Amino acid sequence: MSHEGGERAKFSGHIGFVLAAAASAVGLGNLWRFPYLASHYGGGIFVLIYIIVAVTFGFSLMIAEIAIGRKTGKSCIHAFGDLARKYRWLGVVCAAIPIIIVAYYFVIGGWVAKWFIETAAGHLSDMSGYAGNYWWDYITGEISGLGDPMIWFFVFAGLCFVCVIRGVERGIERVSKVLMPALLVMIIGISAYNLIALDGIWDGVRFYLSPDINELTGGTFLGAISQVFYSMSLAMGIMITYGSYMRKDVSIENSVRNISLIDTMVAIIAGLMIVPPAYIFGMGDEKGMGLMFEAMPDVFSGMPGGEVIAPIFYLLVLFAALTSAVSLLEAVVSVFSDARNRRRNRSIVLALIVLIPLGILVVLGFGPLMTDLHPFDQGAGILGIFDTVTNSIMMPIAAILTCVFIAVVIKTRTITDEVEAEGAEFRSKRMFEVMIKYVCPIMLSFMLVLGLADMFGIFSVYRGASQRI
Ligand code: PHE
């Protein structure tokens with residue numbers, strides 16, 4: 001893809017498009033966020049609601065965003081204004097979200113890099129044998145001070161910036177054709193190992209896969225919806241930009257079906273790898289945000305060859321995180337470029353100036369001055385605040401506005417016509433219309449009000465808001 005001006009370069013075709021979008025979608029959302037939310041919000045019931053929301057609402061919103069991008073040929077900051085001048089601000093709302101997400105994504109990417117180096121250096125047993133919560137003590141600076149997580153944040157952020165500066169997205173796409181399937185094989189292999197080798201694992205599997213209605217809370221819904229946005233890279237303009245690079249003769253509907261299938265499948269298998277062992281190791285809720293970092297060293301340390309498998313696993317996770325982070329950073333840089341017609345280099349510098357301090361704040365957010373910072377249920381520290389504000393507040397708002405914009409201002413026809421361009425079939429057209437016009441805006445508004453009421457203590461729809469995750 002070209003970055004500056006001129007005719008937009010396009011993805012080569014259906015497979016090229018699906019792979020590029022899937023590389024952006026599959027990342028820490030699937031491997032880190034989905035498992036801990038599933039663990040926290042009731043296991044099977046969360047998984048069920050997640051799937052329902054992903055295949056109805058996530059699917060429809062992704063179609064809408066890609067169609068808007070392809071129709072206008074613009075990235076999100078101009079796409080809305082292009083369709084209806086008065087609504088340019090909607091693009092600005094969407095564009096603001098990745099700025100916050102990418103800052104904390106760098107920090108988590110740093111943890112993954114650290115886990116890779118530690119396990120590669122043969123320290124797996126120190127991690128799994130640690131008396132207490134290794135991950136929590138590491139990020140709060142108990143183990144090696146906050147300087148260490150800070151360094152790893154800079155390492156991961158630096159890697160992403162280097163990729164964006166050198167414009168190696170194409171290269172990343174090529175490598176990810178090999179590494180993504182490798183990651184998939186690995187998580188399937190580890191899950192299979194767990195099922196065969198771990199005593200009592202089926203209790204954990206039952207918790208993870210069989211929905212228990214008694215576990216259903218408002219938090220389950222809000223968590224699942226926020227996760228669909230996050231995991232499918234929705235409501236932040238990214239898919240609009242991807243759509244702008246899509247050729248007219250590639251089917252939007254089929255592409256979206258494949259992308260959402262890959263993304264959901266990876267999340268569910270990653271959950272199968274992490275949630276049941278965490279459950280039987282008694283890590284359920286309280287490990288929350290650190291679930292992947294706490295449960296997996298324990299799994300590896302009991303596994304034959306675990307010392308070798310662990311670093312390979314973290315390396316593959318690191319790669320998945322990198323592809324997503326680069327696509328997020330690329331989104332931020334192109335927003336900065338598009339918004340004021342800045343040169344790309346200047347936008348990169350601006351991204352550095354904005355994102356690095358935000359990331360530093362996230363690392364310090366686990367420090368002694370802010371140890372008890374835990375206002376929201378979905379995560380601790382500044383990271384938890386950034387995560388909740390983006391995924392559970394800003395994205396639902398952006399999605400509601402997008403639906404209303406489509407239903408009222410430009411009409412669903414504009415989108416369905418684009419999906420049907422060049423004679424393509426749109427099999428889920430009816431569902432799409434019902435979703436965008438009624439179900440999504442109404443349900444999301446309802447959930448948003450409930451969620452906000454809970455967050456600000458008006459009344460509680462969550463279970464155990466005091467649990468540290
Ligand atoms: N979907 C990515 C993940 O699951 C995160 C992401 C969001 C990446 C938005 C790019 C854009 O990790």
Side-chain angles (χ1 to χ4, degrees), residues 18-38 50 53-54 58-59 61-62 65-66 69 75-76 94-112 156-157 160 163-164 169 172-173 176 179-180 183-184 187 223-245 256 259-271 274 289 292 316-335 351 355 379 383 386-387 389-392 394-395 398-399:
V18 168
L19 279 178
S24 159
V26 173
L28 292 172
N30 312 59
L31 300 156
W32 159 76
R33 201 171 188 273
F34 181 86
Y36 88 73
L37 288 184
Y50 179 84
V53 177
F59 176 81
L61 196 59
M62 194 185 273
E65 291 196 13
I66 292 180
S75 66
C76 84
C94 294
I97 299 173
I99 298 176
I100 305 175
I101 295 197
V102 76
Y104 81 77
Y105 211 89
F106 284 163
V107 176
I108 307 165
W111 301 342
V112 180
F156 188 80
C160 296
C163 290
V164 168
E169 287 79 1
I172 291 186
E173 261 166 49
S176 67
L179 292 189
M180 295 261 287
L183 177 68
L184 194 61
I187 55 179
I225 291 173
S226 78
Q227 180 58 17
V228 166
F229 289 129
Y230 189 92
S231 190
M232 296 174 76
S233 310
L234 296 174
M236 48 185 130
I238 303 241
M239 287 299 158
I240 297 184
T241 309
Y242 272 77
S244 72
Y245 292 113
V256 170
I259 300 163
S260 43
L261 202 72
I262 296 174
D263 189 64
T264 307
M265 204 175 67
V266 176
I268 290 176
I269 306 170
I274 296 174
M289 247 164 48
M292 180 179 100
L316 291 174
V317 175
L318 187 62
F319 190 80
L322 192 70
T323 54
S324 296
V326 167
S327 89
L328 267 167
L329 181 57
E330 187 58 61
V332 172
V333 169
S334 50
V335 161
L355 298 176
L383 199 162
F386 280 8
D387 184 276
V389 168
T390 47
N391 298 305
S392 298
M394 292 173 79
M395 289 192 201

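Read the numbers this way: they start at 1 and go in the same order the structure lists the ligands and their atoms. Bear in mind the structure is a predicted one, so any value in this text is a computation, not a measurement.
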Using a 4.0 Å heavy-atom threshold (strictly under), name the region of Met236 that reaches ligand 1: side chain, backbone, both or neither.
side chain
Can you confirm, on distance only, whether ligand 1 has an N/O atom lying under 3.5 Å from any N/O atom belonging to Gly29?
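By distance alone, the answer is yes.
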If you have a sec, work out which protein heavy atom is nearest atom 6 (C) of ligand 1 and how many Å separate them, to one decimal?
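In this structure, atom 6 (C) of ligand 1 has Ser233 OG, 3.7 Å as its nearest protein heavy atom.
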Which residue supplies the protein heavy atom nearest to atom 8 (C) of ligand 1, what is that atom called, and how far is it?
Ser24 O, 3.4 Å
Under 4.0 Å from any heavy atom of [X], which atoms of ligand 1 are there?
X      : value
Asn30  : 4 (O)
Ser231 : 1 (N), 4 (O)
Ser327 : 10 (C)
Ile238 : 9 (C), 10 (C), 11 (C)

Is there a donor-acceptor contact under 3.5 Å from the side chain of [X] to the main chain of [Y]?
X      : Y      : result
Ser334 : Ala331 : yes
Asn30  : Asp263 : yes
Glu65  : Ala235 : yes

Working to the nearest 0.5 angstrom, can you tell me the gap between Met394 CE and Ile100 CD1?
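It comes to 4.0 Å.
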Working to the nearest 0.5 Å, report the span between CD1 of Ile101 and CG of Asp387.
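The distance works out to 7.5 Å.
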With a 4.5 Å limit on heavy-atom distance, are the side chains of Met292 and Pro35 in contact?
no
Any Tyr105 heavy atom less than 4.0 Å from ligand 1
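The answer is yes, since Tyr105 has a heavy atom less than 4.0 Å from ligand 1.
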Any idea how Phe386 and Tyr104 line up, ring-wise: parallel (<30°), tilted (30 to 60°), or perpendicular (>60°)?
tilted
Shortest reach to atom 4 (O) of ligand 1 by a heavy atom, considering only Gly237, Ala25, Ala321, Ser324:
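Selected option, by shortest heavy-atom distance: Ala25.
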